[in-house]
Enquirer: 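Got a structure here, written out as structure tokens. Questions coming.
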Amino acid sequence: MNFYLIAGEASGDLHASNLIREIKKRDPSARFRCWGGDRMKSEGAEVVMHYRDLAFMGFTEVVTHLPAIVMNFKRCRRDILSFHPDAIILIDYPGFNLRIARFAHQHHLRVFYYVSPQVWAWKQSRINTIRAYVNRMFVILPFEKEFYARFDYPVEFVGHPLLDTLTDEYPFRDKASFISSNGLDERPVISLLPGSRRQEISRILKIMLHTVEYFPEYQFVIAGLSSVPASFYNGIFKGYDVKIVYDQTYDLLKHSHAAVVSSGTATLETAIIGTPQVICYRGGYLSYQIAKRVVKVRHIGLVNLIMDRIVAPELIQNDFTVDNLADNLKKCVYDDNMRNKMADDYHELKMKLGGSGASGRTAAFIMGELKSLHMTLAI
């Protein structure tokens with residue numbers, strides 16, 4: 001069978017790569033063409049467009065890059081038709097993917113959606129689009145099944161795919177090897193995770209770096225991504241006493257005493273690994289002013305959202321200042337009661353997310369439905 005997958009960011013690339021691996025177990029001859037990243041490529045998918053070239057975020061950024069986005073839609077539609085897939089698999093990235101879902105439906109292509117858009121947070125009208133054009137939705141957050149049921153749209157809760165990656169057997173490097181190979185010293189580590197998109201990195205990392213002077217007995221290490229040029233990072237942290245390691249985020253978090261994490265999937269990864277964290281975010285002024293009027297959730301960090309309470313402190317927009325970050329990070333670093341409470345909450349969080357096997361369950365649903373469809377058409 002032929003599958004066309006679209007993921008528009010690093011987390012989607014990870015989840016899609018695990019799904020590809022599971023589909024191949026069930027159909028070794030399957031072919032995959034995708035818009036995604038290096039992880040999907042490593043699983044044998046042919047990458048048409050890398051997610052780093054799709055990563056426009058915020059309202060004003062999207063408007064600025066509108067001509068490029070329109071061209072991407074046209075290119076994607078042409079490529080789908082030339083590939084003749086048995087199914088389209090969409091991973092989050094709703095601004096792009098829901099339009100592709102409509103196009104695929106119009107051309108009688110089967111559409112599966114893995115990792116729901118955050119319609120429970122904003123743009124609930126997108127549920128109408130999902131109901132009309134998506135054949136099956138696979139959700140990864142425990143509250144999403146109940147949410148969709150309120151709109152009479154049945155979905156499958158498959159569990160969170162991060163638990164497929166960050167298992168008890170995950171091959172973390174030992175601390176001594178990690179420290180020596182990256183030129184770090186013996187001071188305990190505070191890791192900085194400023195995100196994966198250049199717009200957010202430039203806004204968020206600058207504030208993170210100003211807290212370094214408050215913790216002289218710790219070394220600060222940035223979780224860099226090779227998809228972002230080193231020159232871009234260097235232009236921001238030059239002059240600060242920090243190090244950067246590339247594409248080693250999980251090992252970095254494992255060996256960190258605490259972390260400062262830009263909101264997103266990384267907050268959940270940090271929790272599953274067990275590192276105490278402060279969650280932060282700052283968007284463009286206009287984008288934030290629009291977003292705060294339409295977003296319908298009380299928390300922005302996935303950890304807090306899933307638990308429906310504050311597990312890790314959140315510093316958003318105007319609250320994300322150097323002083324506020326330093327104060328909250330000090331508690332995260334020095335307050336054993338806070339650290340122990342966060343560890344207990346992390347354990348409860350993992351129970352809520354379910355066990356491992358999300359990718360396998362999703363692959364089984366997809367393959368089962370496609371085989372049933374082919375059998376029906378053959379009769």
Enquirer: Nearest 0.5 Å, what's the OG-CG distance between Ser359 and Asp164?
Expert: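 Result: 4.0 Å between the selected atoms.
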Enquirer: Do the charged groups of Glu9 and Arg197 touch, with an N to O distance under 4.0 Å?
Expert: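 Judged by the 4.0 Å cut-off on N to carboxylate O distance, Glu9 and Arg197 do form a salt bridge.
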Enquirer: CG/Leu353 to CG/Leu162 distance, rounded to the nearest 0.5 angstrom?
Expert: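 Going from the CG atom of Leu353 to the CG atom of Leu162 covers 8.5 Å.
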Enquirer: Count the heavy atoms belonging to other residues, nucleotides or ligands that lie under 6.0 Å from CD of Glu156, then report whether that count exceeds 12.
Expert: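 Yes, the 6.0 Å shell around CD holds more than 12 heavy atoms from other groups.
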Enquirer: Suppose clustering is done on Ile, Leu, Val, Met, Phe, Trp and Tyr with side-chain heavy atoms closer than 4.5 Å. Which residues sit in the same group as Ile279?
Expert: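 Ile279 clusters with nothing; isolated.
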Enquirer: Inspect the surroundings of CZ in Arg131 and state if more than 12 heavy atoms from other residues, nucleotides or ligands are less than 6.0 Å away.
Expert: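 Yes, because the 6.0 Å sphere around CZ of Arg131 holds more than 12 heavy atoms from other groups.
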Enquirer: When the aromatic ring centroids of Tyr246 and Tyr233 are compared, is their separation below 6.0 Å?
Expert: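 Yes.
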Enquirer: Determine, step by step, whether Thr165 and Asn18 satisfy the side-chain hydrogen bond (donor to acceptor under 3.5 Å, both in side chains) criterion, reporting the C-alpha distance in whole Å, the side-chain angles of both residues, the deciding distance to 0.1 Å, and the verdict.
Expert: CA-CA 8 Å; Thr165 301; Asn18 289 332; 2.9 Å; yes
Enquirer: So does His257 get a backbone contact from the side chain of Arg339, meaning a donor-acceptor N/O pair under 3.5 Å?
Expert: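 Here the side-chain-to-backbone pair exists.
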Enquirer: Do any side-chain atoms of residues 270-278 form donor-acceptor pairs under 3.5 angstrom with protein atoms, and if so which ones, sequence neighbours left out?
Expert:
from: Thr270; atom 1: OG1; to: Ala266; atom 2: O; distance (Å): 2.7
from: Thr275; atom 1: OG1; to: Leu253; atom 2: O; distance (Å): 2.7
from: Gln277; atom 1: NE2; to: Thr267; atom 2: O; distance (Å): 2.9
from: Gln277; atom 1: NE2; to: Tyr346; atom 2: OH; distance (Å): 3.1

Enquirer: Looking only at heavy atoms, what is the nearest atom pair of Ile88 and Ala104, with distance?
Expert: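 Scanning both residues, the minimum pair turns out to be CG1-CB, 3.9 Å.
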Enquirer: Is there a donor in the side chain of Arg173 and an acceptor in the side chain of Ser181, or the other way round, less than 3.5 Å apart?
Expert: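 Indeed, the side chains of Arg173 and Ser181 share at least one donor-acceptor pair under 3.5 Å.
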Enquirer: Look at atom CZ of Arg26 and say whether more than 12 heavy atoms of other residues, nucleotides or ligands are closer to it than 6.0 Å.
Expert: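 Yes, the 6.0 Å shell around CZ holds more than 12 heavy atoms from other groups.
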Enquirer: Can you name the residues that form a side-chain hydrogen bond (donor to acceptor under 3.5 Å, both in side chains) with Tyr170, not counting sequence neighbours?
Expert: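 Result, side-chain hydrogen bond (donor to acceptor under 3.5 Å, both in side chains) vs Tyr170: none returned.
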Enquirer: side-chain hydrogen bond (donor to acceptor under 3.5 Å, both in side chains) between Glu269 and Tyr250: does it pass, once the steps are laid out?
Expert: CA-CA 8 Å; Glu269 293 170 318; Tyr250 291 168; 2.6 Å; yes
Enquirer: Restricting to non-hydrogen atoms, name the atom on Tyr214 and the atom on Lys330 that form the minimum distance, rounded to 0.1 Å.
Expert: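 Looks like CD2-NZ, 4.0 Å.
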Enquirer: Can you name the nearest heavy-atom pair linking Asp174 to His255, along with the distance?
Expert: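 That would be C-NE2, 3.7 Å.
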Enquirer: Identify the two heavy atoms, one from Leu315 and one from Phe320, that lie closest to each other, and give their separation to 0.1 Å.
Expert: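 Smallest heavy-atom distance, with atoms named: O-CB, 3.6 Å.
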Enquirer: Can a donor-acceptor pair be found between the side chains of Ser226 and Asp247 at a distance below 3.5 Å?
Expert: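 Yes, because at least one side-chain N or O of Ser226 sits under 3.5 Å from a partner of the opposite role on Asp247.
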Enquirer: Side chains of Ser116 and Tyr148: donor-acceptor distance under 3.5 Å anywhere?
Expert: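 Checked: Ser116/Tyr148 side chains pair up, N/O donor to acceptor below 3.5 Å.
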Enquirer: To the nearest 0.5 Å, what is the distance between CG (Leu305) and CD (Glu314)?
Expert: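 Here the rounded value is 8.5 Å.
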Enquirer: Before you tell me yes or no, could you show the steps for Ser196 and Arg52 under side-chain hydrogen bond (donor to acceptor under 3.5 Å, both in side chains), namely the whole-Å CA-CA distance, both residues' side-chain angles and the distance that decides it to 0.1 Å?
Expert: CA-CA 9 Å; Ser196 60; Arg52 63 172 169 257; over 6 Å; no
Enquirer: May I ask you to check whether Phe96 and Phe73 place their ring centers less than 6.0 Å from one another?
Expert: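 Yes: the rings meet the under 6.0 Å criterion.
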Enquirer: Search all heavy atoms of His210 against all heavy atoms of Lys206 and return the closest pair with its distance.
Expert: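 Closest heavy-atom pair between His210 and Lys206: CD2-O, 3.1 Å.
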Enquirer: Please work out whether the ring planes of Tyr218 and Phe215 are parallel, tilted or perpendicular, with thresholds of 30° and 60°.
Expert: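 Perpendicular.
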Enquirer: I'd like to know if Lys25 pairs up with Glu22 as an ion pair, taking the criterion as any Lys NZ or Arg NE/NH1/NH2 lying under 4.0 Å from an Asp or Glu carboxylate oxygen.
Expert: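 Judged by the 4.0 Å cut-off on N to carboxylate O distance, Lys25 and Glu22 do form a salt bridge.
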Enquirer: Within 45 degrees of the axis of the six-membered ring of Phe157 and under 6.0 Å from its centre: does Lys145 put its NZ or CZ there?
Expert: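 So Lys145 doesn't make the cation-pi contact.
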Enquirer: Using side-chain contact (heavy atoms from CB on, under 4.5 Å) as the criterion, list what pairs up with Asp38, not counting sequence neighbours.
Expert: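 Result, side-chain contact (heavy atoms from CB on, under 4.5 Å) vs Asp38: His50.
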Enquirer: Going by the rule side-chain contact (heavy atoms from CB on, under 4.5 Å), which residues pair with Ser202 if we only count those two or more places apart in sequence or in a different chain?
Expert: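 With sequence neighbours excluded, Ser202 shows a side-chain contact (heavy atoms from CB on, under 4.5 Å) to Phe232, Ile236, given in chain and number order.
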Enquirer: Using the rule given for salt bridge (Lys or Arg N to Asp or Glu O under 4.0 Å), can you reason through Arg187 versus Glu217, listing the C-alpha separation, both sets of side-chain angles and the distance that settles it, and then say yes or no?
Expert: CA-CA 7 Å; Arg187 289 177 297 168; Glu217 71 275 33; over 6 Å; no
Enquirer: Please assess Glu369 against Arg110 for the test salt bridge (Lys or Arg N to Asp or Glu O under 4.0 Å), listing each intermediate value before the final yes or no.
Expert: CA-CA 10 Å; Glu369 187 162 320; Arg110 204 74 178 166; 2.7 Å; yes
Enquirer: Could you report the tightest heavy-atom contact between Arg126 and Pro94, atom names first, then the distance?
Expert: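 Between these two residues, the closest heavy atoms are NH1-CG, 3.4 Å.
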Enquirer: Can you find a heavy atom in the side chain of Ser262 that is under 4.5 Å from one in the side chain of Glu200?
Expert: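 Answer yes - side chains close enough.
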Enquirer: For Asp345, is there an ion pair with Arg309 - N to carboxylate O distance below 4.0 angstrom?
Expert: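 Counted as a salt bridge, because a side-chain N and a carboxylate O are separated by less than 4.0 Å.
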Enquirer: Between Asp323 and Thr321, do the side chains contain an N or O donor and an N or O acceptor separated by less than 3.5 Å?
Expert: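 Not at all, the side chains of Asp323 and Thr321 share no donor-acceptor pair under 3.5 Å.
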Enquirer: Per the ring-ring contact (aromatic ring centres under 6.0 Å, His included) rule, what does the pair list look like for residues 8-32, sequence neighbours excluded?
Expert: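 For residues 8-32: Phe3-Phe32, His15-His160.
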Enquirer: Classify the side-chain pair Arg75/Asn72 by whether it contains a donor and acceptor separated by less than 3.5 Å.
Expert: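 Looking only at side-chain atoms, Asn72 and Arg75 do not form any donor-acceptor pair under 3.5 Å.
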Enquirer: Would you check, one step at a time, whether the test side-chain hydrogen bond (donor to acceptor under 3.5 Å, both in side chains) holds for Trp35 with Tyr4?
Expert: CA-CA 8 Å; Trp35 289 42; Tyr4 203 103; 2.8 Å; yes
Enquirer: Determine whether more than 12 heavy atoms belonging to other residues, nucleotides or ligands lie under 6.0 Å from atom NZ of Lys24.
Expert: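 Atom NZ in Lys24 is crowded, with more than 12 foreign heavy atoms closer than 6.0 Å.
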Enquirer: Can you tell me how far apart OG (Ser11) and OH (Tyr51) are? Round to the nearest 0.5 Å.
Expert: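 Between Ser11 OG and Tyr51 OH, I get 9.0 Å after rounding to 0.5 Å.
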